[in-house]
Participant: 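Got a structure here, written out as structure tokens. Questions coming.
Start at 1 and go down the list; that is how both ligands and their atoms are numbered. Please read these numbers as outputs of a predicted model, since none were measured by experiment.
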Amino acid sequence: MGALLEIKDLKKYFKTPRGLLHAVDGINFTLDRGKTLGVVGESGCGKSTLGRLIVHLIEPTGGRIFFEGRDCTDLSRQALLESRRKMQMIFQDPFSSLNPRMTVKETILEPMIIHGMFGGNQSEQALRVREIMDAVGLAENLADSYPHELDGGRRQRIGIARALALEPKFIVCDEPVSALDVSIQAQILNLMQDIQNERGLTYIFITHDLSVVKHISDDICVMYLGNMVEKCPAGEIFKTHCHPYTRALLSAIPIAKAGARRERILLKGEISSPIEPKPGCRFAPRCLEARQDCSETQPDLMEISPGHMVACHLYSKCKSNKT
Ligand code: SF4
């Protein structure tokens, strides 16, 4: 299939009165066409900033972004408009990301008008709106409804429909189900998988909840304070997770089996500051396995088995934890 997206040493630093905040600090990965990369980490780890960098909503401080083999890091205005057709984003809170003054139909139509799809032919655009509404499970009689008249699940379906309007190849899904009831989450996840299978889409799926990306991802990447600390095939992370932070994340997932319990790893200690971070592993103040060299040198991302990368000085002690 080949790589659709290649990220090389991507960085985003924000200026603050106390110094530079390292939101994304040297991320590298490759994502093949038709695949899904789940990006997991707690609030403030830089996962949403990473998504916004990739779709060019914000400018990187350093590094390169290659899309379909082409360096698209520094795009001209025209090239940026073209790339927006291929790369779209679905946001966490459908209510705040939708224009309350636009109906469902107008919301889906707007990007087509901006990009002059179908040569501006209005009847073809209207036909396309109906097709997309059908594809995301929005009934035709909702076309003239406003976001506030719909429930959260339907509002997120509008967000997905709008992202699909320009027939993109790649979508960054930023916590697309976190604001929804659990019963609706499964419906939206299934819908997104069906759409991916039908259209051969490539996803980056950002979430704080590992259990959400368990089924939808091919690979999972775990981020901590701007760094990637572990990346491996999705099935593997639930069996052979090596990084102490990944183990803590996994321990928080409830087991859906009567009477079954998993020992919860409670992280203690202060979270390091992402502003002008100190040398060493950024997880060290909270790590139960930290040793002296952890606060002196930052661990590199090492491949410990095919496709499984870990950034931890203990990487050679990889444990097999059947869950
Ligand atoms: Fe813990 Fe050290 Fe590994 Fe960091 S490098 S996760 S502090 S053991």
Participant: Which residues end up grouped with Leu75 if you chain together Ile, Leu, Val, Met, Phe, Trp and Tyr wherever their side-chain heavy atoms are less than 4.5 Å apart?
Facilitator: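 Reading the cluster by chain and number, Leu75 sits alongside Leu80.
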
Participant: Please identify each residue that fulfils ring pair (Phe, Tyr, Trp, His ring centres under 6.0 Å) with Tyr245, with sequence neighbours left out.
Facilitator: Tyr224, Phe283

Participant: Ring of Phe238, cation from Lys214 - is the NZ or CZ under 6.0 Å from the centre and inside 45° of the axis?
Facilitator: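 Yes, cation above the ring, under 6.0 Å and within 45°.
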
Participant: Might you list the protein residues in contact with ligand 1, defined as having a heavy atom under 4.0 Å from one of its atoms, sorted by chain and number?
Facilitator: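 The answer is His243, Pro244, Cys281, Phe283, Ala284, Cys287, Glu289, Ala290, Cys294, Pro299, Cys312, His313, Leu314, counting any residue whose heavy atom sits under 4.0 Å from ligand 1.
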
Participant: Go through the side-chain N and O atoms of Glu230 and His308 and say whether any donor and acceptor fall under 3.5 Å apart.
Facilitator: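 Looking only at side-chain atoms, His308 and Glu230 do form a donor-acceptor pair, the distance falling under 3.5 Å.
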
Participant: Is a donor from one side chain sitting under 3.5 angstrom from an acceptor on the other, for Glu106 and Asn99?
Facilitator: no

Participant: Return the set of residues passing salt bridge (Lys or Arg N to Asp or Glu O under 4.0 Å) with Asp209 (not counting sequence neighbours), or none when no residue passes.
Facilitator: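 If we apply the salt bridge (Lys or Arg N to Asp or Glu O under 4.0 Å) test to Asp209, skipping adjacent residues, there are no hits.
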
